[in-house]
Amino acid sequence: MRAAELFDVSGEIALVTGGGTGIGFKIARVLAVNGARVVLAGEDQGTLEAAVASLCELGGHAIAIPIDVRRDDMIAPSFDRIEKELGPVSLLVNNAGIAHRDKAVKLARETLRDVMAVNVEGAAMMAQEAARRMIRDGRGGSIINVSSVLSELPMRQVAAYSASKAAISQMTRCFALEWAKHKIRVNEIRPGWFETSLTDPFLKGAGAGVMANQNPTGRLGDSHDLDGAILLLASRASVYMTGSAITVDGGHSIGR
Ligand SMILES: NC(=O)c1ccc[n+]([C@@H]2O[C@H](COP(=O)([O-])OP(=O)(O)OC[C@H]3O[C@@H](n4cnc5c(N)ncnc54)[C@H](O)[C@@H]3O)[C@@H](O)[C@H]2O)c1
């Protein structure tokens with residue numbers, strides 16, 4: 001099959017949580033410039049609108065929908081609205097996430113709960129809603145969960161975050177197992193280190209100048225480094241992949 005056909009995402013209706021910033025925006029961008037209709041979901045309407053405007057300038061088709069993934073009362077109505085405006089979601093990217101930095105002896109129960117509420121519960125409820133509708137219509141679909149190299153690698157002072165990402169990895173495989181018979185593929189992307197508002201406090205603080213040298217390529221992830229993995233998992237090119245994890249980390253997880 002030719003690459004243009006194999007990696008075609010032009011028929012997709014893609015919902016990207018946390019799509020207004022950082023990695024989520026980069027994911028939304030590669031989908032939009034390749035013809036998918038993209039829904040950017042997140043908490044801040046102004047940020048989402050600005051991101052939509054950038055995608056439209058690039059010739060993409062995008063809309064913004066405010067969703068707090070912790071709120072059940074926002075999830076189903078948002079999918080209803082997308083169905084009305086664009087059609088049913090065929091690709092969900094669970095990208096919304098929060099982090100923290102706490103010594104293990106100081107990690108507050110509240111921090112642990114907050115991180116789990118967004119990173120794990122939010123992703124689970126979004127995946128469940130997307131899958132229910134894919135099953136309802138018998139049309140299948142693709143779900144991509146954004147975890148992290150920290151789902152396997154331990155790191156000091158990010159126990160809650162790392163545990164949440166490990167949970168996402170296992171959740172990916174469990175959902176993949178249950179939903180394969182409905183032609184729903186559930187896969188995971190494990191990014192290494194990228195400069196975003198999530199990592200800025202660390203990369204511009206204690207981790208400044210350090211993390212880029214922690215992998216054999218000697219640099220942090222850049223703006224287009226996730227494009228290939230996203231196009232693969234979003235398209236028929238990965239039709240026989242489910243429950244898989246793709247690591248995109250410049251080799252960080254294999255060492256320097
Ligand atoms: N930056 C990195 O190096 C790196 C590495 C591995 C994994 N990740 C993962 O990538 C994803 C995106 O992070 P990022 O680095 O782009 O940071 P970011 O802060 O730019 O993005 C996080 C996004 O999640 C959204 N969000 C947070 N809470 C939400 C909620 N309750 N409901 C809806 N949206 C919510 C934010 O509005 C924001 O748009 C996260 O899941 C993060 O764990 C990032």
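Because the structure is a prediction, the values reported are computed rather than measured. One-based numbering, in listed order, for ligands and for the atoms of each. By convention here, the first residue in the shown sequence is residue 1.
Atom 44 (C) of ligand 1 has its closest protein heavy atom at Ile23 CD1, 3.5 Å. The protein heavy atom nearest to atom 34 (N) of ligand 1 is Ala96 CB, 3.5 Å. Here the protein heavy atom with the shortest distance to atom 1 (N) of ligand 1 is Phe194 O, 3.1 Å. The nearest protein atom to atom 17 (O) of ligand 1, hydrogens excluded, is given as Leu198 CB, 3.1 Å; this is a heavy-atom distance. Among all protein heavy atoms, the one lying closest to atom 7 (C) of ligand 1 is Ser147 O, 3.0 Å. Nearest protein heavy-atom neighbour of atom 29 (C) of ligand 1: Glu43 OE1, 3.5 Å.
Hydrophobic clustering places Leu40 together with Leu226 (ILVMFWY residues linked when any side-chain heavy atoms are closer than 4.5 Å, directly or through intermediates). Note on Phe175: it clusters hydrophobically with Phe79, by side-chain heavy-atom contacts below 4.5 Å among ILVMFWY residues. By the criterion of side-chain heavy atoms lying less than 4.5 angstrom apart, applied directly or through intervening Ile, Leu, Val, Met, Phe, Trp or Tyr residues, Leu203 is not grouped with Phe194; the two fall into different hydrophobic clusters. Follow the hydrophobic side-chain contacts under 4.5 Å out from Ile67 and you never reach Ile23; the two are in separate clusters.
Heavy-atom contacts from other residues, nucleotides or ligands closer than 6.0 Å to CZ of Arg136 number more than 12.
One option in Pro191, Gly221, Ser151, Ala41 has a heavy atom closer to atom 6 (C) of ligand 1 than any other, and that option is Pro191. Nearest residue to atom 9 (C) of ligand 1 from Val69, Thr17, Val146 is Val146 (criterion: closest heavy atom). The option from Ser148, Gly192, Ser197 that lies nearest to atom 5 (C) of ligand 1, judged by heavy atoms, is Gly192. Nearest to atom 20 (O) of ligand 1 by heavy-atom distance, out of Val16, Val149, Thr21, is Thr21.
The pair Asp8-Arg2 does not meet the salt-bridge criterion, since no charged nitrogen lies less than 4.0 angstrom from a carboxylate oxygen. The pair Asp102-Lys106 fails the salt-bridge criterion, with no side-chain N (NZ, NE, NH1 or NH2) lying under 4.0 Å from an Asp/Glu carboxylate O. Checked for salt-bridge contact, Arg113 and Glu110 miss the test: no charged N lies under 4.0 Å from a carboxylate O. Note on Lys165 versus Glu188: no salt bridge recorded, every NZ/NE/NH1/NH2 to OD/OE distance being 4.0 Å or above.
Of the heavy atoms in Val118, only side-chain atoms (C-beta onward) come closer than 4.0 Å to ligand 1. In Thr196, the part holding a heavy atom less than 4.0 Å from any atom of ligand 1 is the side chain. When non-hydrogen atoms are compared, ligand 1 lies under 4.0 Å from the side chain of Ile98 (C-beta onward) but not from its backbone.
For ligand 1, the atoms closer than 4.0 angstrom to any heavy atom of Gly97 are 22 (C), 24 (O), 27 (C), 40 (C), 41 (O). With ligand atoms numbered from 1 in the order given, ligand 1 contributes 3 (O) to contacts under 4.0 Å with heavy atoms of Trp193. Close contacts between ligand 1 and Gly22 involve ligand atoms 16 (O), 20 (O) [criterion: under 4.0 Å to a heavy atom]. For ligand 1 and Asn95, the ligand atoms under 4.0 Å from any heavy atom of the residue are 10 (O), 11 (C), 12 (C), 40 (C), 41 (O). Numbered from 1 in the order shown, with element, the atoms of ligand 1 that lie under 4.0 Å from a heavy atom of Thr199 read 1 (N), 2 (C), 3 (O). In the vicinity of Gly18, heavy-atom distances shorter than 4.0 Å reach the ligand 1 atoms 23 (C), 24 (O), 25 (C), 39 (O). The distance from ligand 1 to the heavy atoms of Asp68 drops below 4.0 Å at these ligand atoms: 30 (C), 31 (N), 32 (N). Proximity to Ile67 (heavy-atom distance under 4.0 Å) selects the following atoms of ligand 1: 32 (N), 33 (C).
Within the 4.0 Å cut-off (strictly below), no protein heavy atom is located near atom 36 (C) of ligand 1.
In this structure Asp114 satisfies the side chain to side chain donor-acceptor pair (under 3.5 Å) test with no other residue, sequence neighbours excluded.
Put simply, part of Tyr161 is less than 4.0 Å from ligand 1, judged by heavy atoms. Close to ligand 1: Lys165, with a non-hydrogen atom less than 4.0 angstrom away.
The shortest non-hydrogen separation linking Gln157 to His100 is O-CE1, 3.7 Å. Closest approach of Trp179 and Ile135 over heavy atoms only: CD1-CD1, 4.3 Å.
For the pair Leu91 and Val9, the minimum side-chain heavy-atom distance is 4.5 Å or more.
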Inset, instruction - Report the C-alpha separation of Arg185 and Ile143 in whole Å, then their side-chain angles, then the decisive distance to 0.1 Å, and conclude whether the side-chain contact (heavy atoms from CB on, under 4.5 Å) test is met. - result: CA-CA 6 Å; Arg185 300 180 300 105; Ile143 297 174; over 6 Å; no

